[in-house]
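Heads up: the structure comes next, in structure tokens.
Computed from heavy atoms alone, side chains included, the values below leave out hydrogens, waters and symmetry copies.
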Number of protein chains: 2
Amino acid sequence: MTTVNSGTITDVTGFRAAGLHCGLKKGDAPDLALILSDRPCTAAAVFTANQVKAAPVIYDQALLARNPDALRAVVINSGNANAVTGDRGLVDAHEMAAVAARAVGCSADQVWVMSTGVIGVPLNMERVGPGIEAAARELSPAGGHAAARAIMTTDTIPKEVALRVQTRSGHFTIAGIAKGAGMIHPNMATMLAIMATDASVPPDILDRALRHAVAASFNAISVDGDTSTNDTVVLLANGAAGVAIEDEDSEAYRQFARALTAAATTLAHAIVRDGEGATKFVEIRVRHALTHADAQRVAHAIARSSLVKTALHGEDANWGRVLVAAGYSGVDLDVDRLNLWFAAAGADETEPSTRRRLHLVQDGQPHDVDESAAHDILAGSDIEIILDLGLGDAEASIWTCDLSPEYVRINADYRT
Amino acid sequence: MTTVNSGTITDVTGFRAAGLHCGLKKGDAPDLALILSDRPCTAAAVFTANQVKAAPVIYDQALLARNPDALRAVVINSGNANAVTGDRGLVDAHEMAAVAARAVGCSADQVWVMSTGVIGVPLNMERVGPGIEAAARELSPAGGHAAARAIMTTDTIPKEVALRVQTRSGHFTIAGIAKGAGMIHPNMATMLAIMATDASVPPDILDRALRHAVAASFNAISVDGDTSTNDTVVLLANGAAGVAIEDEDSEAYRQFARALTAAATTLAHAIVRDGEGATKFVEIRVRHALTHADAQRVAHAIARSSLVKTALHGEDANWGRVLVAAGYSGVDLDVDRLNLWFAAAGADETEPSTRRRLHLVQDGQPHDVDESAAHDILAGSDIEIILDLGLGDAEASIWTCDLSPEYVRINADYRT
């Protein structure tokens, strides 16, 4: 598995893309993306768990049920989520698909629709329609970068990845683009990812591989704990590489699943690093829980705690707040078995033996509370918090970021 | 029931108090409070639900179990929570009680102990001990105000209340002081309240009345969703007024319970208004849920949403975020039955018929989305958000505040 330099979704054979400004956002920021495969694709998707679902999510869920093996295009607008827009929202989502289908020469049932942005405002179809037609004229084998920019909302950088995998029967590519920023949480809030591969994969295998990859990537990140109306990860496989992934017990499947998880994880971590106002990338690792679900629950409680996240922002070794969050997570703890470490992480710290690491709580008692060493660790941009529950053999990690005044500013004024 | 002007805990007959600086906080900010009844008191208390409990909480829970009807004093320090301080923390909590008992002339088993402040740092008993002795010398029937100031941490104003109740057999007083600011959430995070009455109430009746009052007050507020190691509400009844509350079916009991709930609600709302960085006081009211628990769960999800709270701070009528939070609350919704209103609240808006109120979502569809009217409502300091689920007959309210950049600044630098 090798990473394609500056790789993006159009590094997958047979895919073209475009991104442009159609007029939903102010100024000239791009707000419309179109992605097209030159042949039909099998598809799999994971959707938001929120009960309040945006129109495109309702539309895509029905589409996937009736047509999981012949998709051609994905059309995405940013600047407006087409959520809580009532019956009109569904009509508009359908219209986006119909316009895109006419423009690229396929049927409406072959077009996936995604939206992200403000909630509760009807889509301006007078701008979206001509935007889709213009994007169809601009489709290019180098257009992935433009598409990645056009799906951004409060993101400051586009998120893109492409991985090449050599198998016995040839190589294939897995790639994707994503947008995130605020509202990121397990269950993928206001998060869109469009992934593609030129391997040939039947829908049921694609679905299993995607669910596995999402659990370890997009569903293991948290920015502010909110989940949204629009979150969707879609994966298209067009078979253009001539490599077939048909048997889940094959080495080729394992290579495919590993690469898919790696690509999804790269996109998910990029979303956390670009979290609204984020200055720190933090792994919350909970070890020796009774069950994986317990470990996740404790990790989520810590990752969601505003007090933990503000202390991280302030580079304040207020480790007590980590225990406090564990204490209200709802998971039964034995306080006398808790062990807590802060550790430096990231590129400079890859060798575990030389990592700066501080054992702050040992068996429930304050231990090596060296404030200056703790501050040194927190001053870095990559931090690991390890909480050992001392109860069982399960563990889980969640990736999150700090909470800064900038986050509040972004979200207080989001619509203005 | 009448409110005592500038009332405080020492408006209760037989209570004296003091507050002073013993040296736990920097500068000369008061950090030690002592409250004394001239006769033994029955007691009831509600404690944090966090599994990581501070030493004084563990100490008080055992004390209440063995001595619920002869307490005399409450000693409280701020600046240090005596939490996650290991075995030494328990020794220090016991020592605080012992020093206070010697200083006021009672047994250690008659002294309640509370701490609030930084977690994980041992108490400096060389300062606390002499501080308690000095406070004993300063006890005064007007000392409630000083005690209320001495228990503050990031609070900007002391929280005090005293209510006088006329019954057929004479009058009694219920009063209290509290501290809150950050970490306030249902289940009372980093929240201390000391309440007192000169009615005579047996421990079991006191306990029931207190639990009822706390459910409707301290457990119905939320600042940042975290719950702490130290939260405690304690209620002492010394009988000095000569009014006995012995029968739960009596009018006197109902008067007592109402006054206790009113006093607790006054303190709880004062905590939200003084939430770290708070500029808005917001009631989240969920109506027509299937069960009270469902209504609470939806209200909590909304009250905890960073996106709702930042939008409120920005006076941005981003009402979609309210539906989003309801959508991930875990409660089954029928989106087509949802109705949402924003309303102005507060002192100027007591007459429901003249209230400014905007019906933003009707039966799941955007309705009267008048941005400028919505902004007018949000520009006020008191706001009501009403979400009708259209499913049943239960309702619940949660009081919360907005999330400001100031909150982040306070909590990023809390220990420095």
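Residue A/T85 touches chain B through its backbone alone, counting heavy-atom pairs closer than 4.5 Å. The parts of A/D87 that come within reach of chain B are both its backbone and its side chain, each placing non-hydrogen atoms under 4.5 angstrom from that chain.
Summarising the geometry of B/P366 relative to A/V84, their closest heavy-atom pair is CG-O, 2.9 Å, with the distance given to 0.1 Å. The shortest heavy-atom contact between B/N50 and A/V324 is ND2-O, 2.8 Å.
With chain B as the partner, the residue from A/A326, A/G86, A/A301 showing the most heavy-atom pairs under 4.5 Å is A/G86. In terms of heavy-atom pairs under 4.5 angstrom with chain B, the leader among A/D336, A/L403, A/L338, A/L333 is A/L333.
Of the possible polar contacts, none joining the A/Q51 side chain to the B/V335 backbone as a donor-acceptor pair under 3.5 Å is found.
Residues that satisfy the side-chain hydrogen bond (donor to acceptor under 3.5 Å, both in side chains) test with A/D332, not counting sequence neighbours, are absent from this structure. Listed by chain and number, the residues in a side-chain hydrogen bond (donor to acceptor under 3.5 Å, both in side chains) with B/H375 amount to none (sequence neighbours excluded).
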